[in-house]
Q: 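The structure follows.
Just the heavy atoms: all of them, side chains too, but no hydrogens, waters or symmetry mates, feed the values below. Reminder, nothing fancy here: chain letters follow the sequence lines and each chain counts from 1. Given the structure is predicted, the values throughout are model-derived calculations rather than measurements.
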There are 2 protein chains.
Amino acid sequence: MNIADHIYSTDSANQDRAQAIRDNLRDAIVDRRLAPGTKLSEGEVGTLFDVSRTVARAALQMLSFEGLVRTERNRGAFVANPSPEEARQVFASRRLIEPGIAVAACGRVTAADIAAFRAQLDEEGRFIAERGPTARRSEIKASGDFHLLLASVAGNGILQRFMEELVARSSLVIALYGRSGVSACGHSEHTKIVGALESSDCERASQLMLHHIDHIEADLDLRVRAGPALREALNF
Amino acid sequence: MNIADHIYSTDSANQDRAQAIRDNLRDAIVDRRLAPGTKLSEGEVGTLFDVSRTVARAALQMLSFEGLVRTERNRGAFVANPSPEEARQVFASRRLIEPGIAVAACGRVTAADIAAFRAQLDEEGRFIAERGPTARRSEIKASGDFHLLLASVAGNGILQRFMEELVARSSLVIALYGRSGVSACGHSEHTKIVGALESSDCERASQLMLHHIDHIEADLDLRVRAGPALREALNF
DNA sequence: CCGGAAAAGATTGCATACGATTTTTGTGCA
DNA sequence: TGCACAAAAATCGTATGCAATCTTTTCCGG
């Protein structure tokens, strides 16, 4: 049983091929296999996934709605390169939404959910123990999956979709502006949140979540650098 | 100067023809000129706006992302017919987000913004005074625009987009499940919120917003009816 | 007169084609 | 060598065509 089934249960089953390509690309972006600024040409995506440009284009359009891809008229689609300001907005949004999600989840969490959380925490722990860039990427992804799992438990499909977008964009931001191993402390905070859920201490879960988000953002270096404009101009 | 310019400034200027069609259709849905469940065939939309099915399809895809349109594989697109459960989720989401938006707006509001709010309130008042279904539609729309204006003042593009979706879906929900003239009291609450903003009383703005949302939802009749399934089956 | 199967029609999913725009390459001139 | 400008290539925006799927109509047996 895959954790993705649990999280995306409602929305990935239906619809068409474009959705599958979107998911694939989203994973690649979130995993940092596709660097910010990378050009995603319709033709290339199409041949890569063995579909026509029509379908590739639809997938790119979806990603552009999620803010993971920026499209410029007559120029194409690029992996988003969020500015520090955008990064702040992402976290400001999460500060508004996620404590509430924690409360909602707290009120609905079942024993099965707790088990799923435990499994998720174990996986996080495994990646943290490992070394190397691959483990690092998996670690960021697993950390995001924790938040998505929480959102799915909260039982609000709309908020869940918002969180999917915010978590994906956060991964981008962390990849771009992250300083240290945020995840070591992040993991312990996740564990604490699950503890609060288990003991039905909703208020505490909410507080822990708020602090957790603060900690993630505090680990970022959001000072504007001289470089980005140039690097951006060079499509790099 | 149009209020839409103020609200959608960042996002409507760029991009393509599909966006214009989307905006047009969205207005029609929010204004209730297109009833929930109405079929939006690609061909019809295309000929209506004098574009090919390709472009029409893109516009419908956007609306489906916003939750205003539901698409079924090989069957087409229909104006969304939100269930009571979805309606609750919409308002639960707004309860999480909008008080925070009110606080953010409170911290950034300028004299020019206040003037825009006043103009908006005046317009609301005008429609409330008028009689007839057209005025009623305009009234719902104007009421939504107030919330969008607030979101634009808050200065967070991500939250602003979330609110665009939530307000649009709320309009649908109110059209479907609304009981009375919610707007009479809604208008006075809007006025109070602007008052709080003007006196920089952020905490009060937040509280007023929360109660305002509660009041809107309280005016809905979200009991499940026997009818909907049948009406839906009849495409009516 | 009614019910159900088969054909006709309509609509979507997807691929491909073509003009328009952008980017790159190549060439002549200072 | 360096730069300006034009040709070529690549890429996008959009229309259209065809197969697959769904809907509606027709027709026939009961």
Q: Can you work out whether A/Arg57 or B/Arg53 has the more 5'-proximal nearest nucleotide on DNA chain D?
A: A/Arg57
Q: Does B/Thr54 make a side-chain N or O approach to OP1 or OP2 of D/dT14 shorter than 4.0 Å?
A: no
Q: Can you tell me how far P of C/dA10 sits from NZ of B/Lys39, to the nearest Å?
A: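 Roughly 13 Å, once rounded to whole Å.
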Q: Round to a whole Å and report the spacing from CD of A/Gln61 to C1' of D/dT14.
A: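 Answer to the nearest Å: 14 Å.
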Q: Without decimals, in angstroms, what is the distance between B/Arg73 CZ and D/dT23 P?
A: 14 Å
Q: Please give, in whole Å, the distance from D/dG13 C1' to B/Asp16 CG?
A: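 Atom CG in B/Asp16 sits about 8 Å away from atom C1' in D/dG13.
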Q: For the pair made of CG in A/Asn74 and P in D/dC12, what is the distance, rounded to whole Å?
A: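 Value for this atom pair: 9 Å.
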Q: Give a yes or no on whether a donor-acceptor pair under 3.5 Å exists between the nucleobase atoms of C/dT12, that is its base, and the side chain of B/Ser41.
A: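 No.
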Q: With a 3.5 Å cut-off and no angle check, do the side chains of B/Ser64 and B/Arg70 form a donor-acceptor pair?
A: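 No, because no side-chain N or O of B/Ser64 sits under 3.5 Å from a partner of the opposite role on B/Arg70.
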Q: Write down the distance between CZ (A/Arg17) and P (C/dG13), rounded to a whole number of angstrom.
A: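 That distance rounds to 12 Å.
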Q: Measure CD/A/Glu72 against P/D/dT11 and give the value in whole Å, please.
A: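 After rounding, the reported distance stands at 16 Å.
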Q: How many angstroms lie between CZ in B/Arg88 and CZ in B/Arg95, if you round to the nearest 0.5 Å?
A: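 One finds 10.5 Å between CZ of B/Arg88 and CZ of B/Arg95.
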Q: Which is more 5' along DNA chain C, the nucleotide nearest A/Ser52 or the one nearest B/Ala77? Just name the residue.
A: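 Result of the comparison: B/Ala77.
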Q: Let me know the distance between CZ of A/Arg75 and C1' of C/dT23, rounded to the nearest Å.
A: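 About 9 Å, once rounded to whole Å.
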Q: Over 60° means perpendicular and under 30° means parallel, so tell me whether A/His147 and A/His190 are parallel, tilted or perpendicular.
A: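 It falls in the perpendicular class, over 60°.
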Q: Take a 6.0 Å sphere around CD of A/Glu85 and say whether it holds more than 12 heavy atoms from other residues, nucleotides or ligands.
A: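 Yes, the 6.0 Å shell around CD holds more than 12 heavy atoms from other groups.
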